Structure formats: C-alpha cells, structure tokens
Q: 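Pasting a structure here, questions to come.
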Amino acid sequence: MTGLPKFVRDQMARTPAPASHPDADVLTAFAEDTLTAKERQGVIQHLSECVDCREIVFLAQPEAAETQTVFAPKSRRFTWMAWGSLAAVIVVVASAVILQHEQVTEIQAPVTVATTTAPAPPEVKPIPPSTTSAAKVPVSAARTRAEVAREETKLDAAKGKLTTEPLLTNKDVSANEERAFMKAPAPAAVQHAVKSEQVIVGGVAPQQVPAGPEQRDIPGQTQQAQRPSNTVDNVNIAASNQGLAKVESAPAAKVAKKQPAGDFNGIVTGYTAAPAAAPVAATRPRWQISSTGTLEHSYMADNWTPVLSDTGAKFRVVSVVENTVWAGGEHGALYVSRDGGTTWTPVPIDTTATITSIRFSDNLHGTLETDGGQAWNTTDGGKVWQKR
Amino acid sequence: MVSSRQTADPARHSAAVRSTCDRLFEASRAARYGLSPDSFRDILLEIAGQYTQGANDPELIRFLESLKAEELALARGCVAGNEFAWQTFLTRYRASLYGTAYAIAKEESIARELADSLYAELYGLPNHAGRRTSKLQYYKGRGTLEGWLRTVVAQEFVNRYRRTRREVSLDEKVETGTQFPAADRDSVASPTDPRIGQAVSRVLARLDAESRLLLNAYYLDGRTLAEIGRTLRVHESTVSRKLERATAALRKSIRKELLGEGLSPRQADELMQETDVRDLEVNIRENLQQESSPTAFYKSTGE
C-alpha cells in the first residue's frame, strides 16, 4: 500500500479535537454495533477527529489483549492422504467411544445389589495437565456400596465446613469498603470448591439442589429436590434482552433467603423459564464437586462416582452444555468431555492460577476465568481459547 | 421538542410505552435487585429522554427494547446499595474488570492501581452529604455492562497515563533524537511552505468521516488492519481495500491541489514521494547489505 508523505500525516495530526465527547455508553454501543445508523455516523465523525476517543475504543476491544491459541490447527491444507487418514482415525475413535459408552451404560444400570458385578475398569493413566496430546481418560467404574457410603459420610461432615474465602482481600479495597464487603457471605465462584456448585448453561435446568440447610427453606428448591434424578427440564432461555442468556452460579445461601419464594432457584438466574420441553434421556448424569475438589457424577440419587480422580486435579468448577462437560480447577487444570462425561480430554491453558468460572452463553461462546483475574474467550465451543 | 424531563414523566406516555416498561421490568427481574416497577420505569424513561427527544411512541418503544434491561437493573440495584445486586455484579464482572485492566495496561502495578481505583468508584464513594455515589449510575444500558466496564477502564487509562505521554514538547523530541529534515532552500516545493499546508488542509476537510477515521487510525495511531476491522466490525480485507482506496484518492487530490497552488508536476511528485526518516533507515540497511565485488579490497599485484 502506498503510504502518505510525512507532511500530510503532520497536517492530519493538527486537526483540533472536538470539545465534547460521547459517553462510555455510546462508545460501547458503537463497538457492539447497537447504535442507530444516525448515531453511528455521528460517532464515526467524532472518532475521525478525536485521537483520545479512538484510543479508548481500540483499547476497549476485548481482542486487543494478547491472543493465546489452544489446539489451533497446525495447517489448513490437507492433502487427500491426510484427509483419508483423518477419516480413518475418526472412525476408529468413534468406534472406541461407542464401545466404551456401551460398557459404561451397562455398569451403571440402576440395580440394587450389595456388590457390583461390573467388569474391571480400564486402566486409567495419569495425564499431566501440561500435555498437549489428545489422550482419553476413561471414567472410573462403579464403586461398591461401602465406598459410596464412606464418601457420603465425608460429604455430610463437609457440609458444615463451607469455606468463606472472601473474594476481596485487604489489598483490593479501602478500609471503609472492606467492612461492608467482609460482612457479605462468600461469593459463589469460590464456593464451587466446596460442595455441589455447578454452572449450568445452554438451557439445561439444575440437576440437583445445592447443599446447605438454609437453602432447603426455599419452597422453590424443595420442589426441585423432589424431581426425579434422571429427569432434566430443558428450559428455553428467553431472548428478550441481552444478558439474560448468561447463567450465573449460585450466590451465597444467606442472600438467597431474601428472595421471594419460587423466584430464585439458587443456581440458574437471569432467564425467563419457559414450559419444559422434551425430557432428556435418563443416561445424562448430574454433576458435583466434593469438598475435597473431586469431580463426581451421579446417575442415581445420592450415588456419586468420582471422575478424573487419577489426574490428581482439584476442581473448582464444572459446567455442562448439553453433552459437553467442562471441569476446571487448581493450577490451570481444565478438562472437557464431549460425550457427557464418558471420556475426557485435558485442555492445556497457559496459567497456573485456579480456574474459577466457566460460562457458556450457548454451545459456541464461552468465557473462562481464573482467580488471578485472567480470562479467556471461545467462540467455537472451546476448541480454541483466546486470552483476553 | 420534548425535553428529557417531560419524556421521563410516565403520565405523558401512552399505555403501550408504560406496558413496555412493565414488561422490561418483568423480563429483567429487576425486583430481585430491589427496584420497584415505578422506579425502573422512571429509569428507563429518563434514559430514553436523553437519546430520543421528540420520538413518537413506536420509536420510543423500539429504543426501550434495545436497552440491556437486565444489566441496567443490576447496575441501578448496585447504585441503590442492594447487596444482592452487588454480589451478582462481583461474581459476574470482578474478574473481567481486573482482566481488562491487565490487558490494557500490560504492567501489573498500573493495572492493579487502575482496577482498584475504578472498583472503588463503582462501589461508590461517599459524597459531601455522606451518601454513596457510584459510577454505575452512568451506565445506561445502550451497550453491555461488560463492554461499558472495558470502555471505562480504557477511558481511565487514557486519561491518566496515555495523554501525558502523547503531549511531548519539541525540546523533549530533540532530546530523544527525533530528526527533522532540513528545509531545501533551492526549491519552492518545501513541506514547510504554507501554501502546501493550506492545500492539504483543504483536501483533508473534504474527506468523509469514515475515510478520515481509517486514515487516522492507520497512519497516525499505528493500528493494524485487524484492529481497525474489529472496531468497525468489518473484515480485515475490507479495511485494507477501503484504506487503499482512501489513500490513493487522498494522494491524487493533494497532488491536484498542489498543482493548483502553482507547483510543477515534478515538484508535486517529488513532494508526494517524500519519505519519512524511518523509511530512509530501511533503505540504508538495504544498501549496506549489498554485496561488494570480490576484488574490491584486494591490492593489485601489478601483474
């Protein structure tokens, strides 16, 4: 591209800046393309003359930050042999997944027997979080009733030990503000590490009632607890206003008590519930994270099976989007299952902080955040995460 | 023309407008943030009054429905001191706020200071009457709250750190070693000739806003095509094409004006081909890398 001579650039720079500037709301609406055509033209006119507002608009772009690509395809050009090889690999992997899924389904059949007669679980090889290979981690086989009972005892003991790690430290706020904040109960993002917290998106209703005696006092949740464990309500997220598609994790139980009965379910907020759609197949499990940071799933009431326990990872958040399950935790541990939790793939993410939030507004668009303030976005369902 | 105060008066509005406000109140679930239907309606109509003066009811309804009602309710709940609203705000946006500050400032200390001070302003600092005033009251729901927070962080960063860096004096430029090309006394075609400056000013004044924005963003601000494309929500190739077209048209117009000022075609072409000092550096580098003759440095033996 032929450039411009310096004397032209100097003259361009001499244009006086306008006296008044659009407010942050208008600049944001411009960046998000929600202004009317006339308003947009006005902002373009202003930005063409105002170096400060241009800088603000460019800096405020979420993609202005460093981009880090995870699992980026190495090359977009494939020879016909490469396509053939890829197709063969897909067929082999799909066959293995189907066979394994059938095995898992057989093992987890709802039978009440004193001892399980499940076949020996496949060997689970530990996978270091930093590996980039797409290794599959099979799910642990069903446990004996004794093991389940022991685990329940541990969970009951942990119920009274809700950690209330404050979201804000002394460094974050001034002394005046700290008093106000420290009175508030711990935010839900941290409570994920303790018990029964999960962020459910994509229109899937909560599959379990959060633990805690206070929350059981809410009539809406009591009704929820009585719902059959293998039935999930598909809730249509109303598209009435932006932001309503986002689903938030449960705030503290103390705050939840103040809400009108039946209005706040403690987990899913920010949407208008529509009548339940077709029920989901009974093979879809429920998910939770134990007080020790173990990811667990359950196909039957109160029968929880640890998942990814051999990885040694301590999880803090689990997020379910239809058949895709995301689990994030300490030291940047991030795993995804695209088949409802049967097989898992570690997702390398360049952080040693704890992943505390995984939110998807739909199947493709999601945000991942750590307790160190870092954040990543994805627009393709988590295949590529771009650092903000 | 309807003033913003008249627009904010619910009694003036039709049932359709009031019904829209009530519907938005329900959809945004503003009640959980401690807002009443009346107070939320007042907020909506006040905002509408600022942006849609003189609008009829369908336009007003369209505007109201374009607002991010749930986020607006959350922000105003925080302003009102609702604890649940503030907890929700923290859960959703605290990490994003600090993350944006880090991404913009690139330095941890500056990012931390930026985020902390903005955080305090969002929570609300007590005014002279002892009441807490939060910066969130300025959020009006035209864009997302997250986008607004990013813009506010960027604004704060530009105001505090970047503006002072840009205002560099001539003396400071000399100290840093910026070169200023010497004026050519023998040629009337000098960039310092006021006629040339006037000619360029006339051409720049005729530019349309979009072309000026593209040219300023690319040549003055040093933005990449990708950054410009993201901001204007067009593909990078579209930006490249428009920029090339704008640059060519600008050069052609300036040359025409220079000829009109009495410069000869040769002088005009020489001016338009004038390179920046930075470009000269590249040429020098290329020249230094030229291979010399193998016998250039060998002394002749006289044979």
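By convention in this document, chain letters (A, B, ...) are assigned in the order of the sequence lines, proteins followed by strands, and residues within each chain are numbered from 1. Here the structure is a predicted model, which is why all the values come from computation and not from measurement.
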Q: Look up atom OG1 in B:Thr151 and atom CG in A:Asp25, then write down how far apart they are to the nearest 0.5 Å.
A: 8.5 Å

Q: Would you give the length of the straight line joining atom CG of B:Asn216 to atom OG1 of A:Thr15, rounded to the nearest 0.5 angstrom?
A: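 One gets 6.5 Å once the value is rounded to the nearest 0.5 Å.
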
Q: Give the member of B:Tyr51, B:Phe63, B:Tyr102 that has the highest number of heavy-atom pairs under 4.5 Å with chain A.
A: B:Tyr51

Q: Measuring from A:Arg9:CZ to B:Tyr218:OH, what's the distance to the nearest 0.5 Å?
A: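 If we round to the nearest 0.5 Å, A:Arg9:CZ and B:Tyr218:OH are 11.0 Å apart.
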
Q: For residues A:Thr34 and B:Lys68, determine if any side-chain heavy atom of one lies less than 4.5 Å from a side-chain heavy atom of the other.
A: yes

Q: Name the member of B:Arg212, B:Gln155, B:Lys140, B:Arg223 that forms the most heavy-atom pairs with chain A at distances under 4.5 Å.
A: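 Top count of heavy-atom pairs under 4.5 Å with chain A: B:Arg223.
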
Q: Which value, rounded to the nearest 0.5 Å, describes the distance between B:Leu215 atom CG and A:Leu4 atom CG?
A: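 Reported value, rounded in 0.5 Å steps: 6.0 Å.
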
Q: Looking at A:Arg14, A:Gln41, A:Glu32, which has the largest count of heavy-atom pairs under 4.5 Å with chain B?
A: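 Option with the top pair count is A:Glu32.
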
Q: Less than 4.5 Å to any heavy atom of chain A: does that hold for the side chain of B:Asp221, its backbone, both, or neither?
A: side chain

Q: Only pairs of heavy atoms separated by less than 4.5 Å count here; which of B:Val153, B:Leu220, B:Ile254 has the most with chain A?
A: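 Looking at each of B:Val153, B:Leu220, B:Ile254 in turn, B:Leu220 comes out on top.
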
Q: With rounding to the nearest 0.5 angstrom, report the OG1 to CZ distance, A:Thr356 to B:Arg94.
A: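 That separation rounds to 9.5 Å.
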
Q: Begin from the C-alpha positions of A:Phe30 and B:Thr231 and carry the test side-chain contact (heavy atoms from CB on, under 4.5 Å) through to its verdict.
A: CA-CA 9 Å; A:Phe30 170 79; B:Thr231 301; 4.2 Å; yes

Q: Without hydrogens or angle criteria, can the side chains of A:Ser48 and B:Glu210 be said to hold a donor-acceptor pair below 3.5 Å?
A: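 The criterion, which ignores hydrogens and geometry beyond distance, is not satisfied for B:Glu210 and A:Ser48.
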
Q: With a 4.5 Å limit on heavy-atom distance, are the side chains of A:Pro62 and B:Arg150 in contact?
A: yes

Q: At a 4.5 Å cut-off on heavy atoms, which part of A:Ala375 comes close to chain B: side chain, backbone, both, or neither?
A: neither

Q: Check the side chains of B:Ser96 and A:Glu369 for a donor-acceptor pair under 3.5 angstrom, ignoring hydrogens and angles.
A: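 Result is no, nothing qualifies.
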
Q: In chain order, what residues pass the side-chain contact (heavy atoms from CB on, under 4.5 Å) check against A:Ala353, with sequence neighbours excluded?
A: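 A:Ala353: side-chain contact (heavy atoms from CB on, under 4.5 Å) contacts with A:Thr351, A:Thr370, A:Asp371, A:Gln374.
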
Q: Would you say A:Thr28 and B:Tyr139 make side-chain contact, with heavy atoms under 4.5 Å?
A: no

Q: Is any side-chain heavy atom of A:Gln11 less than 4.5 Å from a side-chain heavy atom of B:Val203?
A: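 Of all side-chain heavy-atom pairs linking B:Val203 with A:Gln11, none is under 4.5 Å.
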
Q: Do the side chain of B:Arg233 and the main chain of A:Ala31 share a donor and acceptor less than 3.5 angstrom apart?
A: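 Present.
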
Q: Looking at chain A, which one of B:Ala154, B:Gly99, B:Gly141 has the largest number of heavy-atom pairs inside 4.5 Å, strictly under?
A: B:Ala154

Q: Can you confirm whether more than 12 heavy atoms, excluding those of B:Gln137, are under 6.0 Å from its CD atom?
A: yes

Q: Is the closest side-chain heavy-atom distance between A:Leu59 and B:Phe157 below 4.5 Å?
A: yes

Q: Which pairs pass salt bridge (charged side-chain N to carboxylate O under 4.0 Å, His left out) with one or both residues in residues 33-42 of chain A, sequence neighbours excluded?
A: A:Asp33-A:Arg40, A:Glu39-B:Arg142

Q: Any side-chain heavy-atom pair from A:Phe58 and B:Ile228 closer than 4.5 angstrom?
A: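 They are in contact (side-chain heavy atoms under 4.5 Å apart), so the answer is yes.
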
Q: Taking A:Gln45, A:His46, A:Glu49 one by one, which has the highest count of heavy-atom pairs under 4.5 Å against chain B?
A: A:Gln45

Q: Strictly distance-based, threshold 3.5 Å: is any side-chain N or O of B:Arg251 a donor or acceptor partner for the main-chain N or O of A:Gly3?
A: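 Side chain of B:Arg251 to backbone of A:Gly3: a pair is present.
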
Q: Does any part of the side chain of A:Phe7, heavy atoms only, come nearer than 4.5 Å to the side chain of B:Val200, both counted from C-beta?
A: yes

Q: What distance separates B:Leu250 CG from A:Met12 CE, expressed to the nearest 0.5 Å?
A: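 Spacing of CG (B:Leu250) from CE (A:Met12) equals 7.0 Å.
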
